[in-house]
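Remember, predicted model here, so these are calculated numbers, not experimental data.
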Amino acid sequence: DTLWDLAIAEVEKRENPDEDSKHVDVWEKSILFMGSKNGGKTTIILRCLEREEIPKPTLALEYTFGRRARRHNTPKDIAHFWELGGGTSLLELIRIPITSNNITSFAVVLVLDLSKPNELWTTMEKLLQVTRNHVNKILAKLQKTSPEVATEIKQRMWNNLHRDHPDYELVDPFPIPLVIIGSKYDIFNEFDSEMRKIISKTLRFVSHYYGASLVFTSKSEALLLKARVLINHLAFGYDK
């Protein structure tokens with residue numbers, strides 16, 4: 001075929017899509033970023049979406065999205081990024097992005113500012129508690145309308161933990177995928193070694209208890225890359 005033949009075939013294919021191409025599955029995921037005020041949530045989102053923009057303060061609840069194609073000539077997958085501003089002051093807004101319609105494809109990213117150790121626990125506890133309560137309410141409703149969907153969501157989180165794990169009976173996985181990001185690791189790294197040890201052990205314990213992934217980030221490109229890989233896995237299904 002000449003280049004013109006290929007071009008004509010491509011145009012005809014687009015104008016008269018066959019039944020197979022009409023039903024190509026498009027990956028659509030949603031992620032809620034929440035956490036410490038001025039903790040770097042916007043910066044992380046922009047880096048994941050590869051946007052060269054100067055981060056602005058988040059007002060209440062903000063939305064953006066990203067699109068990626070898995071292969072050439074396939075529909076682009078969509079990832080919805082929600083960002084809750086104000087630290088723990090706007091907790092009631094959590095119910096807006098997380099709904100029964102998207103709960104099966106939803107994930108949460110909790111960003112904690114490591115440079116403010118005195119605020120870490122209260123920020124984490126409040127945000128995770130309110131989010132979990134809201135998700136559990138949605139699952140309780142689904143249990144009545146679509147019990148198989150509710151069961152699948154609950155079982156999916158337990159499947160990540162092996163039954164022969166010594167802590168199997170002690171942990172309580174978060175009902176939807178959860179990533180905890182400790183930001184400003186460069187400042188944290190200058191803390192007293194005992195302080196660093198306590199914070200690290202605490203965050204590792206919480207992550208283990210909830211079945212979450214934990215990663216620290218800073219201005220370092222290598223650390224930011226680890227966070228991007230995790231978020232791209234949640235958003236677009238890329239390998240971890």
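Using a 4.5 Å heavy-atom cutoff, the side chains of Ser183 and Leu112 are not in contact. Contact annotation: the side chain of Trp121 approaches that of Val206 to within less than 4.5 Å [non-hydrogen atoms, C-beta and beyond]. Looking only at side-chain heavy atoms (C-beta outward), Val108 and Pro177 stay at 4.5 Å or farther from each other. No side-chain heavy atom of Phe81 sits under 4.5 Å from any side-chain heavy atom of Leu32. Under the 4.5 Å side-chain criterion, counting only non-hydrogen atoms from C-beta, His208 is not in contact with Leu214. Side-chain contact between Val135 and Ile153: absent, with no pair of heavy atoms (C-beta onward) separated by less than 4.5 Å.
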| query | Are Gln129 and Asn133 close enough, and set up right, to give a side-chain hydrogen bond (donor to acceptor under 3.5 Å, both in side chains), and what steps lead you there? | reply | CA-CA 6 Å; Gln129 192 173 34; Asn133 289 343; 5.7 Å; no

| task | Starting from the C-alpha separation in whole Å, work towards a yes-or-no answer on side chain to side chain contact (heavy atoms under 4.5 Å, CB included) for Leu178 and Leu128. | result | CA-CA 10 Å; Leu178 172 65; Leu128 291 184; 4.0 Å; yes

| task | Give the intermediate values and the outcome of side chain to side chain contact (heavy atoms under 4.5 Å, CB included) for residues Leu90 and Leu61. | result | CA-CA 9 Å; Leu90 300 166; Leu61 184 67; over 6 Å; no

| Intermediate values then yes/no, salt bridge (charged side-chain N to carboxylate O under 4.0 Å, His left out), Glu221 and Lys226 | CA-CA 9 Å; Glu221 205 55 47; Lys226 288 184 180 180; over 6 Å; no

| task | For side chain to side chain contact (heavy atoms under 4.5 Å, CB included), just list the numbers for Ile31 and Trp82, CA-CA rounded to whole Å, side-chain angles, deciding distance to a tenth of an Å, and then say yes or no. | result | CA-CA 6 Å; Ile31 303 176; Trp82 295 87; over 6 Å; no

| message | What verdict does the side chain to side chain contact (heavy atoms under 4.5 Å, CB included) test give for Lys201 and Lys197, after you've listed the backbone C-alpha separation in whole Å, the side-chain angles of each residue and the deciding distance to 0.1 Å? | response | CA-CA 6 Å; Lys201 281 185 174 181; Lys197 194 185 293 183; 4.1 Å; yes

| request: Might you work through the salt bridge (charged side-chain N to carboxylate O under 4.0 Å, His left out) test for Arg132 and Asp172, ending with a clear yes or no? | output: CA-CA 11 Å; Arg132 183 168 207 157; Asp172 189 10; 2.9 Å; yes

| task | Run the numbers on Arg51 and Thr64 for side-chain hydrogen bond (donor to acceptor under 3.5 Å, both in side chains), then give the verdict. | result | CA-CA 12 Å; Arg51 291 183 189 165; Thr64 187; 2.8 Å; yes

| task | Under the side-chain hydrogen bond (donor to acceptor under 3.5 Å, both in side chains) rule, what do Glu119 and Ser36 come out as? Steps first, then yes or no, please. | result | CA-CA 8 Å; Glu119 298 174 14; Ser36 305; 5.8 Å; no

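Across all non-hydrogen atoms, the minimal contact from Leu91 to Lys126 is CD2-O, 4.3 Å. Here the closest heavy-atom approach between residue Arg228 and residue Arg47 is recorded as NE-O, 3.4 Å. In this structure, Met124 and Leu203 approach most closely via the heavy-atom pair SD-CD2, 4.0 Å. Residue Ala79 comes nearest to Ala235 through the heavy atom pair CB-CB, 3.7 Å, listed as atom of the first residue, atom of the second, then distance. In plain terms, the two heavy atoms of Pro173 and Trp158 that are nearest each other are CD-CZ2, 3.4 Å. When every heavy atom of Ser207 is checked against every heavy atom of Ile180, the shortest pair comes out as OG-CD1, 3.6 Å.
Hydrophobic clustering keeps Leu170 apart from Phe205 (ILVMFWY residues linked when any side-chain heavy atoms are closer than 4.5 Å, directly or through intermediates). Taking hydrophobic clusters as Ile, Leu, Val, Met, Phe, Trp and Tyr residues chained together by side-chain heavy-atom distances below 4.5 Å, Leu224 does not share a cluster with Ile231. A continuous path of ILVMFWY side-chain contacts below 4.5 Å connects Ile138 to Leu93, so both sit in one hydrophobic cluster. By the criterion of side-chain heavy atoms lying less than 4.5 angstrom apart, applied directly or through intervening Ile, Leu, Val, Met, Phe, Trp or Tyr residues, Val215 is not grouped with Leu223; the two fall into different hydrophobic clusters. Under the 4.5 Å side-chain contact rule for hydrophobic residues, Phe33 and Leu84 do not share a cluster.
Residue Lys37 qualifies as open at atom NZ: its count of foreign heavy atoms under 6.0 Å is 12 or below. A 6.0 Å sphere centred on CZ of Phe65 holds no more than 12 heavy atoms belonging to other residues, nucleotides or ligands. Under a cut-off of 6.0 angstrom, the local environment of CD in Glu152 is sparse, with at most 12 non-hydrogen atoms contributed by other residues, nucleotides or ligands.
The backbone N or O of Thr104 sits less than 3.5 Å from a side-chain atom of Arg156, completing a donor-acceptor pair. Asp186 places no side-chain N or O within donor-acceptor distance of the main-chain N or O of Ser220, the cut-off being under 3.5 Å. No side-chain donor-acceptor contact under 3.5 Å links His80 to the backbone of Tyr63. A donor-acceptor pair under 3.5 Å is absent between the side-chain atoms of Arg67 and the main chain of Ile78, judged by distance alone. The main-chain N or O of Arg95 is never found under 3.5 Å from a side-chain atom of Thr99 such that the two would form a donor-acceptor pair. Checked by atom type and distance alone, the side chain of Thr151 never pairs as donor or acceptor with a backbone atom of Glu148 at under 3.5 Å.
Put simply, CD1 on Ile176 and OG1 on Thr131 are 7.5 Å apart, with the number rounded to the nearest 0.5 Å. A distance of 9.0 Å separates CD in Glu62 from CD1 in Ile45, rounded to the nearest 0.5 Å. Taking CD1 from Ile187 and CG from Leu114, the interatomic distance works out to 9.0 Å, rounded to the nearest 0.5 Å. From Leu127, atom CG reaches atom CD of Glu125 across 10.5 Å, with rounding to the nearest 0.5 Å. Here the OH atom belonging to Tyr185 is positioned 11.5 Å from the OG1 atom belonging to Thr217, to the nearest 0.5 angstrom. To the nearest 0.5 Å, the span separating CD on Glu83 from CE on Met34 amounts to 12.5 Å.
A ring-centre distance under 6.0 Å is found for Phe216 and Phe188.
The aromatic rings of Tyr210 and Phe174 stand perpendicular to each other, their planes meeting at an angle above 60°, with 30° marking the opposite boundary.
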